[in-house]
Amino acid sequence: MSENVVHLHKPTDPPTDDNAPTVLTVVPDAPPASPVPLWVRSGRALRTAATHETTRTTVRAVARHGLYTFNGGRIVARRTWDGKTGARYERMIRTAEAAGNLEAAEEWEERLQRFRAARHHRRMDLLHSPVEAAKGLAVGTGVSIGVLVALGVVMAINNHDVTDVITPLRATIDFIALLIRIVQVVWGPALTIGPFLALLALWTVGSKQQAAPQWALPANVRSGEGEPITPSIVVKALRDLGVPALRGAIKEMGDAGASMLGPIRIAGCGVEVDVTLPSGVSTNEVQGKRRKLAENLTRHEHEVFITIPEAARTVRLWIADSGALDEPIGPSPLVTDETLTANYRTGKAPWGQDLRGDAAALSVYQRHLLITGLSNQGKTAALRALALWLAFDRTVEFRIADLKGAGDWDMFDGLATVLIQGPTDDHVIQATEMVEGLVAEMERRLQAPPGTVFEPLVGIVDEAQVAFMCPAKDEDKRPYGGSKATSRYFMAVRKVHNQGRAVDVTLWEGTQDPTDQNLPKLVREGAHTRASLVLGTESQACMALGDKAVNGGAAPHLLRQGLDKGTLVVASDGIEIPAGQASITVRTHYISTDDAKEIAARAKALRDGVATLRVIERREERDPLADIAAIFGKLPRLVTQDVLKRLTALNEDAYGRWTFTDLRRVLEDTGAEPYKSDGRMVIAHERVVRALANRDENGSASAEG
């Protein structure tokens, strides 16, 4: 029984009165909708059944197994045809001709001629074989009967029974009759089962070759994720690359297109193969389609690297195991090996691993260094890891300016003689004067007597783009930043690059997002070791590494921002690079700030103690005796040469030209004069402090400019 429906509504007169009372109206139920036609419901059911996952899986399975059998027959027919004809030899001849290898083509042609001669000989033998077979059968039958009769005669003589003469012959006839009966029994079922066995054999061949379309294959096979790299997969990937000349050449080669490939070698977490391209195909055509090639190989773009070896018309493919590059490479030896030492001249810093999984170590001996990359990709960590290793060589002096000022280099307080941290123009001015101090020390060393041995001096400027972009000017209106000859920072860097390495004065710089404005051409080309993290464009990659490296396959702009942190593309003679390549990709070890502090503490334990100057004073008026007392830090004494060096680092303008005579003049009659210890002139900290305390109020002096 249908029920009535109660509707709440307002009266329609007047229609604009919002305060009208609500009226209850009882409205009978609407009549039921007309039933859906049967043919519509049937169509919906059919559509639901057709799109159901079970139906789709069933259709794919039927198509797959049917095509396995059909294509298995094609494969068997092809193999049979190849075995009976010279088709295989003709394909190899075309392959050799396409590759331009005429010697191989001639060799395969000779093999084809020998095959044809042998086949002709076999066919001629078949013409005479029936007669020969009849003669052989007649002779064989006669001999067999003779042997059986002779055997029967022997049996008859032995048994004294003349009927035994035919016993062997009768037994042979009975055996033949038994074989005939067995064949008669088996023949019928064999005719019935035989076709099914043949189809099963064809299906087996097709299933092993996965001879079905991709849509019909099972999901785990269809995805190809982690599929091992084989010659046929590489050839198919190249064939489908979209290069008409390459596709045509491979088509002419047939299945023998794998002759383009060298051996597929296991290389770390992937494989490596050299591909000799056919005539008319250039290497840059393949390089420009890296993403498509990677997808054809069922890999992501970052898992395929294309480089150009020395051989002509050859590209070298390194193909990672699926997902292998997303796995961490493990901690740095600086963290795990507390006995690790460093040697500036002969040692190499354990920086990370190359793509093959081998240790990648970098020599920093007399090499200026430049590391670039986008922000927050691991630039400071990569630069700091090298400095932490080198800190274990106690002969190396560091002067560091971090123009980010986030405390990433705090652990070098007590290792570096100068440590500037901050992003302001004032910090840039201090960093500029630090680099100018490197120039002054370099010039002093260059004027030293021949054969003088100098201890390594390494200047580090992190976030160097801040210095190049600084608008501040000095009192002579000379800008600190910029890329002109008037720029103080630019000219100081250029001078160090020009002659510093000859006297072991080197400069390491880290900078973001290289452009001509924040990294001038002359500066970036002055670095012996150039490394780059992920960049935005190919033009930036050329600025960071140079055109030669990028043309040779270096591609930091193809790294993944945020996912490939710490992955560097390095161009340097200080790291082992495979023959024929212009660069190498290194996955650097990540050293956290806490680990860096522990490593720095171990390095400090190897040293006598370093007084770190965190701010460079630029006042003209100075107190030499007070400055001498301040540079000792916790050291009880210093050799006079170290005192001069530290005073120069403290203030280049005031003490840059000081000699031993100037030092002795300041300390004369103070009770803190230099004295000889172990054959070297030294100054005692305690004596300087006592002289400073005993000095009367008017005894202070200002250093001369």
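Basis for what follows: all heavy atoms, side chains included, without hydrogens, waters or symmetry-related copies.
For Arg290 and Phe305, the positive end sits near the middle of the six-membered ring, less than 6.0 Å away and at most 45° from its axis.
At least one donor-acceptor pair closer than 3.5 Å links the side chain of Ser487 to the backbone N or O of Gly481. The backbone N or O of Gly526 lies less than 3.5 Å from no partner atom in the side chain of His368, so there is not a single donor-acceptor pair. Under a 3.5 Å cut-off, the side chain of Arg384 and the backbone N or O of Asp408 do form a donor-acceptor pair. A donor-acceptor contact shorter than 3.5 Å is absent between the side chain of Arg394 and the backbone of Arg607. Looking only at distances, a side-chain donor or acceptor of Arg299 sits under 3.5 Å from a matching main-chain atom of Ala320. Although no hydrogens or angles enter the test, the distance criterion places no donor-acceptor pair under 3.5 Å between the side chain of Asp504 and the main chain of Gln366. Within the 3.5 Å criterion, the main-chain N or O of Leu334 finds no donor-acceptor partner in the side chain of Asp337. Formation of a donor-acceptor pair under 3.5 Å by the Asn498 side chain with backbone atoms of Arg494 is found in this model. Here the side chain of Arg587 pairs no donor or acceptor atom with the backbone of Asp564 at under 3.5 angstrom. Within the 3.5 Å criterion, the main-chain N or O of Tyr365 finds no donor-acceptor partner in the side chain of Arg501.
A side-chain N or O of Gln421 and one of Asp410 form a donor-acceptor pair less than 3.5 Å apart. Side chains of Gln353 and Asp358: a donor-acceptor N/O pair is absent below 3.5 angstrom, by distance only. For the residue pair Ser282 and Asn284, a side-chain donor N or O sits within less than 3.5 Å of a side-chain acceptor on the partner. Checking Thr314 against Asp274 by side-chain atom types alone, no donor-acceptor pair falls below 3.5 Å. Under the 3.5 Å distance criterion, with hydrogens and angles disregarded, no donor-acceptor pair is assigned to the side chains of Asp426 and Thr424. Using a 3.5 Å distance cut-off with no hydrogens or angles, the side chains of Asp513 and Gln540 do pair a donor with an acceptor. Counted by atom type alone, Thr417 and Glu397 present one or more donor-acceptor pairs between their side chains at under 3.5 Å.
Under the 4.5 Å side-chain criterion, counting only non-hydrogen atoms from C-beta, His589 is in contact with Pro333. Side-chain contact between Thr537 and His557 is absent, with no heavy atoms from C-beta onward closer than 4.5 Å. At least one side-chain heavy atom of Leu293 sits under 4.5 Å from a side-chain heavy atom of Leu238. Glu433 places a side-chain heavy atom less than 4.5 Å from the side chain of Arg488.
The existence of a salt bridge linking Arg444 and Glu441 is confirmed by a sub-4.0 Å separation between a basic side-chain nitrogen and an acidic carboxylate oxygen. Using a 4.0 Å cut-off between charged side-chain N and carboxylate O, Asp240 and Lys236 make no salt bridge. Salt-bridge check for Lys289 with Glu285: failed, with every basic side-chain N at 4.0 Å or more from each acidic carboxylate O.
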message = Quick one, Thr372 with Gln512, criterion side chain to side chain contact (heavy atoms under 4.5 Å, CB included). Give me CA distance, side-chain angles, the key distance, then yes/no.
response = CA-CA 5 Å; Thr372 63; Gln512 292 182 15; over 6 Å; no
request  = Test side chain to side chain contact (heavy atoms under 4.5 Å, CB included) on Thr585 and Trp318 and set out the steps.
outcome  = CA-CA 11 Å; Thr585 301; Trp318 185 85; over 6 Å; no
inquiry  = For a side chain to side chain contact (heavy atoms under 4.5 Å, CB included) check, start with the C-alpha distance between Val364 and Leu390, then their side-chain angles and the critical distance, and finish with the verdict.
reply    = CA-CA 9 Å; Val364 297; Leu390 192 57; 4.2 Å; yes
query = Under the side chain to side chain contact (heavy atoms under 4.5 Å, CB included) criterion, do Tyr489 and Val428 qualify, and how do the steps go?
reply = CA-CA 9 Å; Tyr489 181 80; Val428 171; 5.9 Å; no
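Between Leu559 and Leu533, the shortest heavy-atom contact is CD1-C, 4.2 Å. Closest non-hydrogen pair, Asp413 versus Leu419, comes out as N-CD2, 3.9 Å. Residue Asp402 comes nearest to Glu463 through the heavy atom pair OD1-CG, 4.4 Å, listed as atom of the first residue, atom of the second, then distance. Residues Val435 and Ala492 come closest through the heavy atom pair CG1-CB, 3.6 Å.
One distance of note links OG1 of Thr593 with CD of Glu598; it measures 11.5 Å at 0.5 Å rounding. Within the model, atoms NE2 of His300 and CZ of Arg560 stand 8.0 Å from one another, a figure rounded to the nearest 0.5 Å. To the nearest 0.5 Å, the span separating CZ on Arg524 from OG1 on Thr515 amounts to 8.5 Å.
Under the rule for a salt bridge (charged side-chain N to carboxylate O under 4.0 Å, His left out), Glu509 has no partner lying at least two apart in sequence or in another chain.
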